[in-house]
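The chains referred to below are lettered A, B, ... by the order of the sequence lines, with proteins before strands, and numbering in each begins at 1. All figures in this text were calculated on a predicted structure; none of them were measured in a lab.
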Number of protein chains: 2
Amino acid sequence: MDTSQLLKGVLDLAVLAVLRKDDGYGYDVVRRLRAGGLNDVGDASVYGTLRRLYNAGMLTSYVVPSEEGPHRKYYSINETGRGRLAESAEMWRSFASTLDGLLEEVAA
Amino acid sequence: MDTSQLLKGVLDLAVLAVLRKDDGYGYDVVRRLRAGGLNDVGDASVYGTLRRLYNAGMLTSYVVPSEEGPHRKYYSINETGRGRLAESAEMWRSFASTLDGLLEEVAA
DNA sequence: GGACAGTACTACGCATCGCGCAGTACTGTC
DNA sequence: GACAGTACTGCGCGATGCGTAGTACTGTCC
């Protein structure tokens with residue numbers, strides 16, 4: 001009984017959403033997602049998602065050598081990414097309301 | 001750009017929701033899901049889900065020989081299934097509102 | 001009466017993607 | 001100088017939805 005399956009196809013969206021305001025590096029994105037309520041998200045999943053989004057041209061990246069730890073690979077959302085974010089958010093909302101429709105009258 | 005990933009972990013829920021009122025056989029469940037807005041759901045996915053739920057003890061089944069076509073294998077939700085439905089529905093709502101939180105301010 | 005569409009189900013293998021775990025590497029602390 | 005915290009990479013696994021093919025039965029239309 002876990003939420004991991006629910007994340008499928010939605011983690012991209014969540015990561016893009018988190019990056020929409022400020023650039024972030026992997027470890028930081030994980031923290032922001034968890035702070036946002038996605039407590040169970042695995043770090044490997046996030047790093048993987050960042051790489052996928054980067055390879056898909058949704059993100060740009062730059063490395064910043066940190067003075068208190070290893071280097072940090074920052075990711076920044078670009079126009080393509082913003083477009084995708086808007087699209088995916090819309091798709092999510094539509095899907096969620098469809099499912100809510102199916103669930104209506106189901107006692108919680 | 002498809003919704004198939006969004007269905008992950010939610011199809012169980014949708015199928016249980018559809019069966020909560022009336023028993024149904026596979027082909028019929030597919031139609032009800034599509035009528036409910038899940039237009040792209042594959043029939044093989046639904047049959048697979050029904051079998052999974054049955055094996056997990058959430059459903060009982062009985063075969064009715066049809067007079068206008070092949071036999072129909074009806075599925076009926078039982079108490080275990082209803083419990084699971086309530087649980088999953090609650091989990092879904094919680095997850096959905098978490099994601100909505102992350103998405104707030106994202107222009108649609 | 002034979003091809004075809006519709007109904008109903010099964011089985012096989014594939015692709016996606018989140019996860020667990022191990023490993024690397026650097027910094028600061030006790 | 002072992003250990004915890006930070007930061008990232010890579011490998012293989014497991015769950016699950018999908019495509020396709022195959023079986024089987026009924027009714028229709030030429």
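Two residues are said to be in side-chain contact when any heavy atoms from C-beta on lie closer than 4.5 Å; A:Asp43 and A:Tyr27 fail this criterion. Within the 4.5 Å cutoff, side-chain heavy atoms of A:Thr49 are placed close to those of A:Arg52. Between A:Lys73 and A:Val64, the closest side-chain pair of non-hydrogen atoms is not below 4.5 Å.
C:dT29 is paired with D:dA2 under the Watson-Crick or G-U wobble criterion, all donor-acceptor distances under 3.5 Å. Pairing for D:dA21 is with C:dT10, a Watson-Crick or G-U wobble pair whose two hydrogen-bonding atom distances lie under 3.5 Å.
When each of A:Leu7 and A:Asp43 is assigned the nucleotide of DNA chain C with its nearest heavy atom, A:Leu7 is the one assigned upstream, toward the 5' end. Taking for each of A:Arg72 and A:Gln5 the nucleotide of DNA chain D with the nearest heavy atom, the 5'-most of the two is the partner of A:Arg72. Between A:Gly9 and A:Pro70, the residue anchored nearer the 5' end of DNA chain C, judged by the nucleotide with its closest heavy atom, is A:Gly9.
Nearest nucleotide to the side chain of A:Arg31, out of D:dG17, D:dT6, C:dT7: D:dT6. Distance from the side chain of B:Val41 is smallest for D:dC18 among the nucleotides D:dC18, C:dC19, C:dA8.
Dashed line: the shortest gap from a side-chain N or O of B:Arg52 to OP1 or OP2 of D:dG17 is under 4.0 Å. A close approach under 4.0 Å does not occur between any side-chain nitrogen or oxygen of A:Ser4 and OP1 or OP2 of D:dA15. An OP1 or OP2 oxygen of D:dC18 is reached within less than 4.0 angstrom by a side-chain nitrogen or oxygen of B:Ser45. At C:dA11, one or more side-chain N or O atoms of B:Arg51 fall inside 4.0 Å of OP1 or OP2 (strictly under the cut-off). Phosphate contact (OP1/OP2 of D:dT9, side-chain N/O of A:Tyr47, threshold under 4.0 Å): absent.
Rounded to a whole Å, the CG atom of A:Leu59 is 13 Å from the P atom of D:dC8. Atom C1' of nucleotide C:dT27 and atom NE2 of A:His71 are separated by 14 Å, given to the nearest angstrom. Atom-to-atom, CG of A:Leu50 to P of C:dC17 comes out at 14 Å; the value is rounded to the nearest Å. At whole-Å resolution of the value, NZ in B:Lys73 and P in D:dT23 are 18 Å apart. One can place OH of B:Tyr25 at 12 Å from C1' of C:dC9, the figure rounded to the nearest angstrom. With rounding to whole Å, A:Lys8 atom NZ is found 6 Å from C:dG18 atom P. With rounding to whole Å, B:Leu6 atom CG is found 16 Å from D:dT16 atom P. Separating the OH atom of A:Tyr74 from the C1' atom of D:dA7 is a distance of 11 Å, rounded to the nearest angstrom.
Shortest non-hydrogen contact noted between A:Arg32 and A:Asp23 is NH2-O, 3.0 Å.
Side-chain contact annotation: A:Tyr74 with A:Asp28, donor-acceptor N/O pair under 3.5 Å absent.
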